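Indexing begins at 1, ligand by ligand and atom by atom, following the structure's order. Here the structure is a predicted model, which means the values were calculated and not measured.
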Amino acid sequence: MLLPGTLVEVPFGRRQALGLVISQAAGSAFSELKTIAKVICRELLDQHQLALLEWCWRYYQHPAGEVLAAAVPKLLRAAQPYQPKPELEYYLTSAGRQLEAAVFARAPVQFMLWRALQSEVLTPAQLRALSAGWSATCRRMQEKGWVTTRRAQRAAPDVNDQNIQSVQLSTEQQAVTEQVCRHFSHYHCCLLYGVTGSGKTEVYIDLINRQLAEGRQSLLLAPEIGLVPQLVQRIQQQLGTPVGTYHSGMSDAQRAQVWQGARSGDCKIVVGTRSAVFLPFDNPGLIIVDEEHDPAYKQFEGFHYSARDVAIKRAQMLDIPVILGSATPSLESIANAGQQRYSLAQLASRHAQVELPDWSLIDCRATPSSLRQGVSGSSYGLLHNDVKQAVQAQLTSGRQVLVFQNRRGYAPLLQCPACGWQADCHRCSAHMTWHRKKQHLQCHHCENIQPRPQQCPSCASPVLEHFGSGTEQLEQALAEIFSPVPVYRVDSDSMRARGSMQQLREEVLSGQPCILVGTQMLTKGHHFPRIGLVVVVDVDQALFSADYRATERLAQQLVQVAGRAGREGSKGHILLQTRQPEHPLLQLLISTDYWQVAGQLLKLREQAGFPPFSAQAVIRADANKATLAEQFLLQAKAAANRLGLPGDVFGPVPALLEKRAGRYRYQLWWQAEHRQILQQMLPQWVETIQKLPSRSSVRWHIDVDPVAL
Ligand code: ADP
Ligand code: ZN
Ligand code: ZN
């Protein structure tokens, strides 16, 4: 008898396919059933995991096979039973290092990989992150003798129990852990609202330690890979126990290993991103979702699940506690706490009585034209004079400064002043960003990279102007203004190389005056005690977005980035450059705290009837012609009307980015009073949509609880 959760091979048409045993039936309505060909892995999934995945495919209305694929490491769901084997790394040969960029004039992908390989050795996972077709490209470069491979060198986790540095919790932190511990023996969701620098991580570590003492495992989720190493380091340092990690930056083999370690119970603590929520545990005791508000917990492609919500569901099914921690909780979680569905624990003060930073708006309207952002060639115009003085004062007093600009590259727009030509992506409804160092134009929405034209492609005018600023331009300007103070750029371009974040952390933590300039990568969770001032170069971008969540996001982002200031010692400052100094949200932010801002935003949501005061599901469709996507969704809407879906169906409307990688994207929104209503009716609706004849000319998916337009 085969138990549910067993991985098998079955005949499927003329080929063999993988299958997962879900249950056994006594009989079947079909007469000609084939038999299972081979058992690959008995009980790949235990009953609880199977139940969790089943909940996922029903709740998110997503095909079971793809849910399984998202939840189980590739090597463990392969036709060949998993056997660990050594992993390869790629690097440039000396011939490859000596090439000139011109060699790649017609091979943009090779060019990109070549550039990336110039600074370091890359794993398949890192190469894949650069280009989906990396493997064929690398093979070609190998054939030419430019690239070669070697066995990956794996570093052993450095845990030294001689060196354990335990921490004495403050009274407030202790009260919070006591509060959570009261619910340790059963399911309970606790929202931990702790201001930035209040020691949420210390609370997590204490709770993990208590579980450890009982022999139970803990899972700590982080919204992105960059945050994992420091969490691992802190836990290992304080508990002297090795910590497993699980994220997409790891190789398939490494992931398979951690999966097995967690399942056997050898691995007591795992820190991971989204997909770690599906890891098997021998004796699970606690799940923690750090920075629970972060939209990165939502998977944006394929199986659109929210790892935070799955974590809560999972804790419920396991009957264990789950903690959602944040300095800027999501409006959903705040509403849930308000309705007593979650308990609320608070850390209201920073550790060691450090004060929270004070906020000021810098009115950029009245600046002379040379200071206005985006004037070509005037890199000094990015910062207001008052801001420059404030930066200088911080540096002089020996402190560090963080400059936040959520846009990478040198300039978001390149234009011909003579004829008006703009560097647009021909595959997306977007401009291409100029990356000056790499001497190319890059579309941030698809993989399109072009060399920067030497003259206007349309009228041959030799001068091209750039507008707006990205982190690369700020880096250059700041280095010029504040030389010789070092300027470090932190964005997905500069932090691509493995270990670069770690290296940066070490340099910043050494405490010398410096300027950090970066995107939202810098706003999350980092603890740089010497930062005294945070500058937000342009807050206005998000104030007038069509996305009703934009204000929530902006408030969270600003409070998080402000939280990097003044974490130890004297009080920090945050300066917001704006041309909307009277905007009510900005006024509220500088005069109150996040909880009150969130309360106001919740009121607006309630008035508009948006989530969390309703529930949404969106059907997105894309096609190579706009009309195809639109028509398909119109038919889906007609189906909704026939089924009499309660609530409102809006659309079809174009996505915020209407065209992406050559495909036109449209969406249809269904908003109902409760999730239960959606859940009741979604299967029928989806079933009808699956039968629409027009579906074959579009790609479509459903997103339950969408978080982005
Ligand atoms: P959060 O996660 O809430 O932003 P952290 O846990 O990173 O805050 O704490 C901020 C800083 O304060 C860290 O350097 C941390 O080590 C320190 N800290 C917090 N609580 C304590 C404590 N009880 N004893 C010593 N240091 C603490
Ligand atoms: Zn593009
Ligand atoms: Zn021109």
inquiry  = My understanding is that we take every heavy atom of each candidate and find the minimum distance to atom 22 (C) of ligand 1. Doing that for Gln238, His351, Glu202, which one comes out nearest?
reply    = His351
request  = Identify which protein N/O/S atoms are less than 2.8 Å from the Zn ion (ligand 3).
outcome  = Cys416 SG, Cys419 SG, Cys456 SG, Cys459 SG
message = Does this structure show an ion pair linking Arg210 with Glu178, if we count only N-O contacts that are shorter than 4.0 Å?
response = yes
query = Under 3.5 Å, N or O to N or O, is Gly199 touching ligand 1 that way?
reply = yes
Contact summary for Tyr204 and Gly325, nearest pair of heavy atoms = OH-CA, 3.3 Å
query = Closest heavy-atom contact between Ala565 and Val534?
reply = CB-CG2, 3.7 Å
ask   = Quick one: does Gly197 get within less than 4.0 Å of ligand 1, heavy atoms only?
value = yes
key: Shortest non-hydrogen contact between Ala623 and Ser697, atoms and distance   = CB-O, 3.6 Å
key: Side-chain H-bond candidate by donor/acceptor type, Gln560 with Thr328, under 3.5 Å   = yes
request  = May I ask you to list the atoms of ligand 1 that are less than 4.0 angstrom from any heavy atom of Ser170?
outcome  = 23 (N)
request  = Check step by step if salt bridge (Lys or Arg N to Asp or Glu O under 4.0 Å) holds for Lys200 and Asp290.
outcome  = CA-CA 9 Å; Lys200 291 183 290 297; Asp290 192 20; over 6 Å; no
ask   = Nearest to atom 1 (P) of ligand 1 by heavy atom, Gln237, Gln230, Lys200: which?
value = Lys200
Under 3.5 Å side-chain donor-acceptor pair for Gln473 and Arg436 = no
request  = Please report the C-alpha distance between Arg452 and Leu464 in whole Å, then the side-chain angles of each, then the deciding distance to 0.1 Å, and finally whether the side-chain contact (heavy atoms from CB on, under 4.5 Å) criterion is met.
outcome  = CA-CA 10 Å; Arg452 182 192 191 275; Leu464 293 174; 3.9 Å; yes
Among Lys437, Gln442, Arg408, side chain to side chain donor-acceptor pair (under 3.5 Å) partner for Asp493 = Arg408
message = Between Asp622 and Arg663, does any NZ, NE, NH1 or NH2 come within less than 4.0 Å of an OD or OE carboxylate oxygen?
response = yes
query = Under 3.5 Å, is there a donor-acceptor pair linking the side chains of Ser343 and His188?
reply = yes
message = If you compare all heavy atoms of Ala411 against all heavy atoms of His466, which two are closest, and at what distance to 0.1 Å?
response = CB-CB, 3.6 Å
message = So if I count the atoms of ligand 1 from 1 in the order they appear, which ones are less than 4.0 Å from some heavy atom of Arg234?
response = 5 (P), 6 (O), 7 (O), 9 (O), 13 (C), 15 (C), 16 (O)
ask   = Can you tell me if Arg564 uses its side chain to pair, donor with acceptor, with the backbone of Phe528 under 3.5 Å?
value = no
task = Say whether Val167, considering both its backbone and side-chain N or O atoms, lies within less than 3.5 Å of an N or O atom on ligand 1.
result = no
inquiry  = With 2.8 Å as the limit, count the protein N, O or S atoms near the Zn ion (ligand 2).
reply    = 4
ask   = Can you list the ligand 1 atoms lying under 4.0 Å from a non-hydrogen atom of Gln168?
value = 22 (C), 23 (N), 24 (N)
